Protein chains: 4
Amino acid sequence: MAAERTSYDEKLTLILKTAAAVFAEKGYHRASIRDISRASGISLSGLYYYFESKEELLYLIQDHSFGTLVSNLKSLLAGESDPRRRLYLFVENHLRFFVSNMKEMKVLSHESDSLEGEYRRRVNERKRRYTDLCTSILEELRAAESGASGDPIPTRLAVFALFGMLNWIYNWYRPGRDIPIDEMVDGMVHLFLNGYLGGAVPALSGEWSGGEGTPSIWRR
Amino acid sequence: MAAERTSYDEKLTLILKTAAAVFAEKGYHRASIRDISRASGISLSGLYYYFESKEELLYLIQDHSFGTLVSNLKSLLAGESDPRRRLYLFVENHLRFFVSNMKEMKVLSHESDSLEGEYRRRVNERKRRYTDLCTSILEELRAAESGASGDPIPTRLAVFALFGMLNWIYNWYRPGRDIPIDEMVDGMVHLFLNGYLGGAVPALSGEWSGGEGTPSIWRR
Amino acid sequence: MAAERTSYDEKLTLILKTAAAVFAEKGYHRASIRDISRASGISLSGLYYYFESKEELLYLIQDHSFGTLVSNLKSLLAGESDPRRRLYLFVENHLRFFVSNMKEMKVLSHESDSLEGEYRRRVNERKRRYTDLCTSILEELRAAESGASGDPIPTRLAVFALFGMLNWIYNWYRPGRDIPIDEMVDGMVHLFLNGYLGGAVPALSGEWSGGEGTPSIWRR
Amino acid sequence: MAAERTSYDEKLTLILKTAAAVFAEKGYHRASIRDISRASGISLSGLYYYFESKEELLYLIQDHSFGTLVSNLKSLLAGESDPRRRLYLFVENHLRFFVSNMKEMKVLSHESDSLEGEYRRRVNERKRRYTDLCTSILEELRAAESGASGDPIPTRLAVFALFGMLNWIYNWYRPGRDIPIDEMVDGMVHLFLNGYLGGAVPALSGEWSGGEGTPSIWRR
DNA sequence: AATGAATGAGGGTTCATTCAT
DNA sequence: CATGAATGAACCCTCATTCAT
């Protein structure tokens with residue numbers, strides 16, 4: 001008697017998940033709502049009951065993903081004050097979530113320019129706060145570790161180098177075929193921590209020809 | 001009498017440069033040939049004298065960029081055998097070229113999935129060789145520096161972490177408003193070298209709850 | 001205990017009034033049932049309890065309006081036999097009703113082609129009878145006034161000129177900002193009566209170049 | 001040898017004429033670009049070479065029609081200063097043009113609300129000027145004819161009554177089956193001139209029950 | 001070497017309408 | 001009585017591409 005019906009929320013979730021997969025596969029602009037209709041088994045017009053436009057659909061995916069990512073992080077960091085552990089948790093949360101939600105995170109990383117107007121503003125606001133949180137962890141870290149010698153790495157550079165390392169994985173990491181996540185987390189933290197806090201690198205710069213950079217056919 | 005006509009090559013170069021800018025601005029799929037016609041001042045059908053399809057145009061841009069990037073690198077590395085210096089030169093070449101040709105490199109980094117078939121194969125082949133070169137530098141580096149203790153960072157992870165750091169810059173680096181390239185190069189090399197070669201990070205892992213990762217609305 | 005429920009009729013009336021306003025505002029074809037749902041506060045599917053199709057809804061509006069217009073007119077003309085007064089009452093009824101029910105009358109005037117089949121037939125039948133009534137008033141009028149000199153104005157032309165004068169008001173008349181209805185009624189009756197019954201206009205025609213009419217780019 | 005090719009302008013003219021017919025037949029909103037494609041024999045996308053949007057197409061039709069209507073009028077009125085003759089020419093031009101370009105004029109009269117924004121503004125501006133011209137003719141007329149007695153008909157009312165008479169014809173006039181244009185022109189001028197200039201109509205007003213107008217189901 | 005004109009395929013979106021509940 | 005959820009058909013418009021000139 002207890003009919004097994006799918007609720008509105010379940011269906012919306014299915015749609016978001018399917019759409020994320022389609023967007024991840026073909027890219028947002030190349031993907032058509034018809035693709036999503038086909039992949040989800042819901043009629044083209046039926047989809048519009050759940051979102052108002054393709055752009056809103058992208059926003060919903062990004063917003064949901066980001067929301068969960070951040071909310072998970074918050075509960076992890078809640079009781080922790082040691083900067084090293086906080087960084088570790090940050091990286092671990094980011095990578096685990098990324099690997100568990102590869103499609104969504106690819107969409108989040110790759111389609112940041114695809115939103116416009118208010119949607120874009122909102123997602124960017126979330127990104128800014130997430131970046132700020134990362135920045136403050138790095139600053140605590142530097143404050144805690146006094147031994148730094150030589151010119152320190154600019155924090156902004158460090159933050160985005162870290163995000164680059166982490167976000168780039170959708171371009172190469174294949175779960176099951178690459179190393180397990182645990183090892184990736186350890187490796188990334190290790191790499192970044194030693195790099196960020198480690199002693200000065202022997203001077204090498206200034207000796208390269210440089211000038212206006214590499215000549216190329218593009219420069220004419 | 002000697003009319004100042006623009007040659008075929010000059011015009012092709014103009015088209016590639018313009019198209020790269022348009023693709024960088026709107027993304028490959030969102031950009032239309034009409035956009036490129038408008039931006040270049042060449043008629044829609046006139047463009048087709050210089051390429052056979054939109055996809056070939058993308059290929060030409062990526063192939064040209066990559067070709068120059070690699071050729072520059074080759075001549076820089078030519079006389080150098082010290083692994084540290086070789087890494088430095090690799091990073092410097094990559095970043096300088098990237099910043100000098102931001103549009104093209106964004107297209108190269110961002111639109112790797114937009115090519116198909118033979119075009120894709122060819123660009124991927126170039127990427128593989130470039131990656132291999134980077135890999136071998138990192139291996140030389142590790143071989144040269146004996147002091148490494150503890151579990152070393154997997155080379156594959158290190159390579160892609162490095163590429164992530166470098167390629168991500170199109171998402172944040174604004175020439176003129178951010179630090180000069182020299183400092184960015186120093187910072188990136190410093191960060192990566194210390195990270196890659198530095199001593200083991202105090203064990204932190206294994207203590208996180210994890211399991212299948214963070215619960216999320218996506219996982220239901 | 002006596003719940004103050006709105007009856008079926010009240011709700012239907014609300015719907016017709018709301019729909020008339022929406023149709024008047026956006027035009028029948030441009031307006032959507034969703035617009036009416038929004039404007040009336042009744043759910044999209046809930047509306048279909050009161051009519052079977054959008055076209056029937058339009059029919060109901062036109063039929064109701066016309067019915068009331070004619071029924072009012074009938075009771076006004078009931079005891080009156082003087083042709084001038086009968087015309088006056090005709091015009092007054094038409095204009096007053098029009099101004100009091102601007103939305104509905106705009107729909108009636110403007111959307112006469114939007115009905116098809118049986119619906120159209122029925123409304124047209126009502127229009128025909130209404131027109132016939134007007135025609136007969138004009139004929140009585142002419143019969144009563146013997147003084148007409150020269151070629152009389154063809155009745156069919158007079159009838160439709162009158163309807164044009166009257167119906168056009170939805171294009172310009174703004175209650176409150178234009179003259180009061182009374183004056184408009186007087187003015188219209190005056191204009192039409194003098195025109196219809198007045199002496200011949202000095203011959204002016206036949207002197208215009210004309211031929212097939214005005215040359216225009218359309219005629220090529 | 002002399003190829004019989006149709007020029008751009010000829011094709012545009014064909015499209016405007018065809019589109020006017022389709023819009024007149026089905027109404028602007030109900031008509032689809034596909035209908036116009038079918039009717040003109042030009043492919044759907046091919047049409048967009050000649051206009052940028054359906055709305056621009058409507059604008060082009062209205063603007064062209066109005067332009068010709070007014071330009072014809074201007075050259076007719078050029079040498080004429082007698083108010084009566086000026087009115088006659090105004091009406092004759094309007095009606096002849098209307099009948100010769102029934103489709104376009106129906107679109108012009110019936111679809112005045114279908115344009116928005118800048119397009120609407122421009123057409124309305126033309127309409128305003130045309131209306132002003134008519135108004136000034138009526139004023140000259142009244143000034144010239146001193147004999148007017150009693151309260152004169154408000155000019156604004158007279159102008160729009162005249163336009164109503166004239167524009168309404170798309171609702172009833174069938175060339176070939178109705179009276180010839182000449183007679184219609186004479187009739188309309190006669191009707192309006194006598195009405196507008198004629199002596200006062202015997203007082204009839206004020207005796208009707210009225211009040212707030214006719215009670216109706218709509219007024220609740 | 002270059003272009004104006006044209007097109008088939010497909011894009012996102014809206015609509016009137018239905019039906020189980 | 002009333003609604004939430006769903007759909008097929010159709011809409012306007014854009015696109016990469018072609019081809020005669």
Side-chain angles (χ1 to χ4, degrees), chain A residues 3 5-8 11-12 28-37 40-58, chain B residues 5-8 11-12 28-37 40-58, chain C residues 5-8 11-12 28-37 40-58, chain D residues 3 5-8 11-12 28-37 41-57:
Chain A
R5 311 297 284 107
T6 56
S7 73
Y8 174 93
K11 212 146 195 177
L12 176 57
Y28 172 72
H29 286 109
R30 201 184 194 311
S32 77
I33 304 283
R34 278 165 178 85
D35 290 332
I36 293 163
S37 162
S40 65
I42 299 174
S43 77
L44 182 56
S45 46
L47 287 172
Y48 278 83
Y49 189 75
Y50 293 90
F51 51 82
E52 291 199 321
S53 68
K54 191 186 179 187
E55 199 182 3
E56 195 198 57
L57 175 56
L58 176 58
Chain B
R5 314 294 281 105
T6 56
S7 73
Y8 174 93
K11 215 148 192 176
L12 176 58
Y28 172 73
H29 285 109
R30 203 182 192 306
S32 75
I33 304 283
R34 267 169 178 83
D35 290 332
I36 294 162
S37 161
S40 66
I42 300 173
S43 79
L44 183 57
S45 40
L47 287 172
Y48 277 83
Y49 183 75
Y50 294 90
F51 52 82
E52 291 200 318
S53 70
K54 191 186 178 188
E55 201 183 1
E56 194 199 56
L57 176 56
L58 176 59
Chain C
R5 312 297 280 106
T6 56
S7 73
Y8 175 93
K11 215 149 194 176
L12 175 57
Y28 171 72
H29 285 109
R30 203 182 193 306
S32 74
I33 304 284
R34 268 167 178 84
D35 290 331
I36 293 162
S37 160
S40 66
I42 300 174
S43 79
L44 183 56
S45 41
L47 287 172
Y48 278 82
Y49 183 75
Y50 295 90
F51 51 82
E52 290 200 320
S53 69
K54 190 185 177 188
E55 201 181 1
E56 194 198 56
L57 175 56
L58 176 58
Chain D
R5 312 297 283 105
T6 57
S7 72
Y8 174 94
K11 213 146 195 178
L12 176 57
Y28 171 73
H29 286 110
R30 203 183 193 308
S32 76
I33 303 283
R34 273 164 181 84
D35 290 332
I36 294 163
S37 161
I42 300 174
S43 76
L44 180 57
S45 46
L47 287 172
Y48 279 84
Y49 189 75
Y50 294 90
F51 51 81
E52 291 199 321
S53 68
K54 191 186 179 188
E55 199 182 2
E56 195 199 56
L57 176 57

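Just so it is clear, the structure is predicted and the values come from calculations on it, not from any experiment. Naming convention: chains lettered A, B, ... in sequence-line order (proteins, then strands); numbering from 1 in each chain.
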Problem set entry | No-H, no-angle donor-acceptor pair, A:R34 side chain to E:dG12 base, under 3.5 Å |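 Answer yes: a donor N or O sits under 3.5 Å from an acceptor.
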Problem set entry | Pairs touching residues 28-37 of chain D that satisfy salt bridge (charged side-chain N to carboxylate O under 4.0 Å, His left out), sequence neighbours left out |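 Every pair satisfying salt bridge (charged side-chain N to carboxylate O under 4.0 Å, His left out) with a residue in residues 28-37 of chain D: C:E116-D:R30, D:K26-D:D35, D:D35-D:R38.
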Problem set entry | Residues within residues 40-50 of chain A bordering DNA chain F, heavy-atom distance below 4.0 Å |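 A:I42, A:S43, A:S45, A:G46, A:Y49, A:Y50, in order of number.
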For this session: Hey, which sits more toward the 5' end of DNA chain F by its nearest nucleotide, C:Y8 or D:S53?
Result: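 Closer to the 5' end of DNA chain F: C:Y8.
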Problem set entry | Comparing B:A31 and D:S32 on DNA chain F - which has the more 5′ nearest nucleotide |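 Nearest nucleotide further toward 5': that of D:S32.
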Name each donor-acceptor pair under 3.5 Å that joins a side chain in residues 41-52 of chain C to protein atoms two or more places apart or in another chain, with its distance.
residue	atom	partner	partner atom	Å
C:S43	OG	C:G46	N	3.0

Problem set entry | C:S40 side-chain N/O to C:I36 backbone N/O, donor-acceptor pair under 3.5 Å |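 A pair under 3.5 Å: yes.
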Exercise. Which heavy atom of A:H29 sits nearest a heavy atom of A:K54, and at what distance?
Worked result: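 Looking at all heavy atoms of both residues, the shortest contact is O-NZ, 3.7 Å.
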Exercise. Which range-with-range stems can be found for DNA chain F when each stem has 3 or more Watson-Crick or G-U pairs in a row and both distances sit under 3.5 Å?
Worked result: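 So far as stems of 3 or more pairs are concerned, DNA chain F shows E:2-21 with F:2-21.
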Exercise. First and last nucleotide of DNA chain F in contact with chain A, 5' to 3', at under 4.0 Å to a heavy atom: what are they?
Worked result: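 The footprint of chain A covers F:dG4 to F:dA10.
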For this session: Send over the distance from A:L58 CG to E:dG12 P, rounded to a whole Å.
Result: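 Rounding to the nearest Å, CG of A:L58 and P of E:dG12 are 13 Å apart.
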Problem set entry | 5′-ward residue of the pair C:I33/A:I33 relative to DNA chain E |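 On the 5' side of the pair lies A:I33.
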